[in-house]
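Each remark here refers to the structure printed beneath this line.
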Amino acid sequence: MSEPRTLAGKVWDQHAVPSPLQEEARIAALGGERGAAQGERPDLLYIDLHLVHEVTSAQAFEGLRMAGRSVRRPDLTLATVDHNVPTIGRDQPNPDPVSATQIATLQQNAKEFGVPLFDIFDIRQGIVHIIGPEQGYTQPGMTIVCGDSHTSTHGAFGSLAFGIGTSEVEHVLATQTLRQVRPKMMSVEVTGELGPGVTAKDVILAIIHEIGVHGGIGHIIEYRGPVIQALSMEGRMTVCNMSIEAGARAGLIAPDETTFAYMEDRPQVPAGERWERALDRWSRLATDDGAAFDTEVTVDGSQIVPYVTWGTNPSQSVRVTDRVPDPQGMPTETEREATRRALEYMDLAAGTPIREIRIDRVFLGSCTNGRIEDLRSAARVVSGKHVAEGVRAMVVPGSGLVKQQAEREGLDAVFTRAGFEWRDAGCSMCLGMNPDILLPGERSASTSNRNFEGRQGPGGRTHLVSPEMAAAAAVAGHFVDVREVMSWSR
Amino acid sequence: MEPVRTVRGKAIPLDRPNVDTDQIIPAKHLKRIERSGYGPFAFEAWRAQPDFVLNNPVYDGARILISRQNFGSGSSREHAVWAIQGLGIDALIATSFADIFKGNCFQGGVLTIELADEDIDYLMARAEELPESELVIDLESQSVSTADGSWSRRFEIDPFRKYRLLRGLDDIGMTLAYERDVTAFEEERDDEAYPRTHT
Ligand code: SF4
C-alpha cells in the first residue's frame with residue numbers, strides 16, 4: 001500500500017510529467033549538487049483544460065507570434081469574452097474603442113491559433129468560471145488553469161484549478177504544461193449544520209474571516225466536513241471561488257453523488273459506458289484516511305450567520321447583527337492603522353450597527369454568485385416587493401444560458417417588476433472595467449468577491465454579501481438580516 | 001529575458017499590509033493589448049493623495065519597494081508587474097507575497113524578497129529616516145544589505161528560479177527542451193478521460 005494521499009496530492013501526482021531528462025538537467029543546472037536540488041522543486045504539470053479570456057491573453061498570443069510558436073493543444077483550450085464586454089446594447093457598436101480592440105484581438109487570436117471561442121453572441125458566452133462547469137468541461141481530477149485568479153471555482157468538482165499570469169498563459173499555450181512548485185495542503189473543515197438563511201457565501205466569508213486574507217498563501221485548501229457535503233454544486237463553487245481571497249493557490253472539494261448528479265447529461269460529460277468508467281475513476285479521488293495536511297482549520301458551521309464586509313479586504317467582515325469594529329480593538333499597530341484607513345475609505349464610523357448602513361447600489365452577479373440558484377434565491381426575496389427609493393440595482397447573469405434559464409422561469413419579470421435592471425452576461429460591476437461602475441462615494445451591496453478600494457469604480461465602496469442579503473438590502477435601502485424578513489421553509 | 005544579478009538603489013517604504021493588485025493597477029487600465037505603458041497608472045488612486053509616499057520626490061529614481069504581508073494580493077493580472085516595472089522598480093521586499101503575483105514577478109524578472117517582520121520594520125524605518133540611503137540586493141549570494149555594509153540579511157529563493165534569473169533564460173524555451181517527455185506523457189494519457197474543446 002502506498003502512503004495515504006490528499007485529493008489535491010493525487011491530482012497533482014497524476015499530472016506531474018515524469019521527466020528523467022528534466023531531473024538531470026535540473027541537477028546539472030544546480031552545478032551537479034544533488035543536495036542543493038532538494039526542498040522546493042518545480043514540477044512540470046500537464047494541463048487538461050486552459051480557459052482564456054480577453055483581458056489576460058492578448059500579450060500571450062503576441063508572444064507566441066513573435067517567437068513563431070503555435071498553440072500545442074487548441075483542443076484543450078477554450079476562450080470566451082467576459083471581463084470587458086458590455087452588458088447592455090450589444091447590438092450597438094462598442095462605444096469604447098480600446099475595449100472594442102481588446103475583444104476583436106481575442107476573436108482574431110482564436111481564429112489564427114485555432115482556439116474555440118464562445119463569442120459575444122453565442123448563447124454559451126459568459127464568465128469563464130461559469131461556462132466551464134455549465135458545459136461539463138469542468139470534471140473531477142482535472143488540472144485547469146486560466147489567466148484569472150478565480151479559477152479556483154472549478155475546484156468544486158474535485159479538480160485542481162488555479163489562476164496564472166499572462167506569461168504563464170503563454171507558457172501553457174505553447175507547451176500545455178506549467179512549471180509549478182507543489183503547494184502545501186490545508187484542510188478547512190466546516191462542522192455542524194447551517195441555519196436557515198445562511199448560505200455558501202456566508203460560509204466562505206466566515207472562513208476568510210477566520211484564516212485571514214493571507215492565511216492560505218502557498219497552500220491548496222480542501223474544504224471538508226458535513227456543511228460542505230450538504231452544499232449544492234453551485235454553493236460549493238461559491239466557496240471554492242473565494243479561496244484566492246484567503247490567499248490560497250486553489251481550493252477544492254472531493255467529488256461525490258452531488259457532483260455526479262450535477263454533471264450527468266451536460267454536453268461535454270461522457271455518456272454510457274464512458275460515464276460508468278469515469279464514475280469509477282472519480283470515486284477514487286477523495287483524500288485517503290490518514291492523509292496528512294500541512295495546516296488544519298476547523299470552523300463551526302452552526303455558528304455561521306449572514307456576513308457583511310465593512311472594510312477593504314474580504315476578511316474585514318462581521319455578522320449582520322454586529323457593528324462596525326473599532327480600530328482600537330485590533331491586536332497590532334499595523335492592523336489598527338489598516339482598519340482606520342479602511343473605515344476612512346468606507347466612510348464608516350466605528351460602532352455603527354451594520355443594519356443601519358444605507359446603500360446606493362446593488363449588484364447581483366459575478367463568478368461567485370451569478371448562477372441560476374443565486375438568481376432564484378434573490379428572486380424569492382424581492383418577489384412582490386420593490387427596490388427602495390434612491391437605490392439602483394442590477395442583475396447580471398453569469399452566462400447566456402443562466403440568463404435564458406432565468407427567463408424561462410420568469411425570474412427576469414420578478415426582478416424587473418421589483419425595479420432591477422436585467423443585463424447580459426459578463427463580469428460587469430464585479431471589477432469595474434466596463435461602464436458598469438460605482439460613482440465616487442457610492443456604496444454597494446455586492447454579491448461579488450472583492451471589496452478592495454476602487455474595485456467597483458474609483459472611490460466606490462463595496463460591501464460583500466450573499467445574494468439573499470443583497471436582495472433584502474435592495475428592498476430595504478440598508479442592510480437587513482435576511483433571516484428576519486423571510487420565512488425559510490426548505 | 002535579461003539576466004538579473006544585483007539591484008542597487010533607494011527604497012520606497014510603502015507601509016501597508018495586503019496591498020492588492022487593484023491598487024497597483026486599476027481594472028480600467030487593463031484594456032490595452034500591450035505589455036508596457038502601465039507605469040503612469042500604477043497606484044493611481046493613492047497617488048492622487050499628495051502625501052502618498054510615491055509622490056515624495058526624495059524617492060525619485062528608487063529601484064526597490066518595501067511593503068508588508070500579502071503584497072500583490074487579488075487578481076492574476078500581470079499588468080501589476082508591468083506597472084511596477086514601469087515605475088522603475090526591479091525588486092520588492094515584503095513579509096510575504098501573494099502566490100500568483102510572486103510567480104508573475106519571477107516571469108518579468110522582478111525580485112521578490114521575503115524577510116521577517118523585524119527586518120521589514122528596520123528597513124521601513126531606515127527608508128523613512130534616510131531616504132537617500134541605498135540597499136544592495138545580490139541574487140548570487142542571496143543577500144540584502146545596506147550600501148554602507150552595516151546591515152545584511154540572507155533571503156531564500158528556489159534554486160531553480162535563481163538559476164533561471166541569473167542566466168535570463170526563457171521559461172518556454174526551457175520547457176520546450178522537455179518536449180519528448182511531454183509527448184510521451186500525452187501518449188500514455190487516457191485521452192478519452194478528458195473533454196476536448198473542439199466539437
Ligand atoms: S466575475 Fe469578477 S471575479 Fe469573476 S472572473 Fe469576472 S472579474 Fe473576475
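Note that this is a predicted model, so its numbers are computed, not measured. Every chain is numbered from 1 and lettered A, B, ... according to where its sequence line falls, protein lines coming before strand lines.
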Taking B/Leu30 as the fixed residue, which of A/Met433, A/His83, A/Glu54 is the one that meets the side-chain contact (heavy atoms from CB on, under 4.5 Å) rule? A/Met433

Just so I understand: if I count every heavy-atom pair under 4.5 Å between each of B/Glu156, B/His79, B/Arg164 and chain A, which residue has the most? B/His79

Side chain, backbone, both or neither: which part of B/Asp15 has a non-hydrogen atom closer than 4.5 Å to chain A? neither

Sorted by chain and number, sequence neighbours left out, salt bridge (Lys or Arg N to Asp or Glu O under 4.0 Å) with A/Asp75 holds for A/Arg73, B/Arg196

Looking only at heavy atoms, which two atoms of B/Ile89 and B/Ala62 are closest? And how far apart? CD1-O, 3.7 Å

Considering only heavy atoms and a distance below 4.5 Å, find which of A/His150, A/Met142, A/Arg274 pairs most often with chain B. A/Arg274

Closest approach of B/Asp171 and A/His171, non-hydrogen atoms and distance? O-NE2, 3.8 Å

Would B/Lys162 and B/Asp138 pass as an ion pair if we require N to O under 4.0 Å? no

Ranked by heavy-atom pairs below 4.5 Å to chain B, first place among A/Glu245, A/Glu170, A/Glu335, A/Glu337 goes to A/Glu170

With A/Phe162 as partner, the option from A/Ile220, A/Leu178, A/Ile144 fulfilling side-chain contact (heavy atoms from CB on, under 4.5 Å) is A/Leu178

Identified side-chain contact (heavy atoms from CB on, under 4.5 Å) partner of B/Leu111 from the options B/Val144, B/Leu139, B/Thr6: B/Leu139

Given a strict heavy-atom distance threshold of 4.5 Å, which part of A/Thr105 is in contact with chain B: side chain, backbone, both, or neither? side chain

Determine the option with the most heavy-atom pairs under 4.5 angstrom with chain A, choosing from B/Glu44, B/Arg68, B/Glu179. B/Glu179

Side chain, backbone, both or neither: which part of B/Gln69 has an atom under 4.5 Å from a heavy atom of chain A? side chain

Contact origin within B/Arg16 toward chain A - heavy atom pairs under 4.5 Å: side chain

With a 4.5 angstrom heavy-atom cut-off, is it the side chain or the backbone of B/His29 that approaches chain A, or both, or neither? neither

Look at the aromatic rings of B/Tyr163 and B/Phe160 and report parallel, tilted or perpendicular, splitting at 30° and 60°. tilted

Per-residue contact mode, B/Arg161 against chain A (heavy atom under 4.5 angstrom): neither

A/Arg450 vs B/Asp20, test: salt bridge (Lys or Arg N to Asp or Glu O under 4.0 Å). Steps then yes/no. CA-CA 10 Å; A/Arg450 285 189 178 140; B/Asp20 63 74; over 6 Å; no

Non-hydrogen atoms of chain A under 4.5 Å away: do they reach the side chain of B/Ser36, the backbone, both or neither? neither

Given a strict heavy-atom distance threshold of 4.5 Å, which part of B/Glu186 is in contact with chain A: side chain, backbone, both, or neither? side chain

Do A/His15 and A/Tyr46 have ring centroids that are under 6.0 Å from one another? no

Hey, which of A/Arg455, A/Arg341, A/Gln14 has the most heavy atom pairs under 4.5 Å with chain B? A/Arg341

For each of B/Thr21, B/Thr175, B/Asn104, tally heavy-atom pairs with chain A at distances under 4.5 Å, and name the one with the top tally. B/Thr175

Non-hydrogen atoms of chain A under 4.5 Å away: do they reach the side chain of B/Phe101, the backbone, both or neither? neither

Ranked by heavy-atom pairs below 4.5 Å to chain B, first place among A/Glu62, A/Glu453, A/Gln176 goes to A/Glu453

Measure distances from B/Ala193 to the heavy atoms of chain A and classify the residue's part below 4.5 Å as side chain, backbone, both or neither. both

Going by the rule side chain to side chain donor-acceptor pair (under 3.5 Å), which residues pair with A/Thr462 if we only count those two or more places apart in sequence or in a different chain? A/Gln456

If you count heavy-atom pairs within less than 4.5 Å of chain B, which of A/Ile164, A/Thr334, A/Thr138, A/Thr177 leads? A/Ile164

Can you name the one residue among B/Lys10, B/Arg126, B/Arg8, B/Arg63 that meets salt bridge (charged side-chain N to carboxylate O under 4.0 Å, His left out) with B/Glu134? B/Arg8

Hey, which of A/Val213, A/Leu431, A/Leu49, A/Thr312 has the most heavy atom pairs under 4.5 Å with chain B? A/Val213

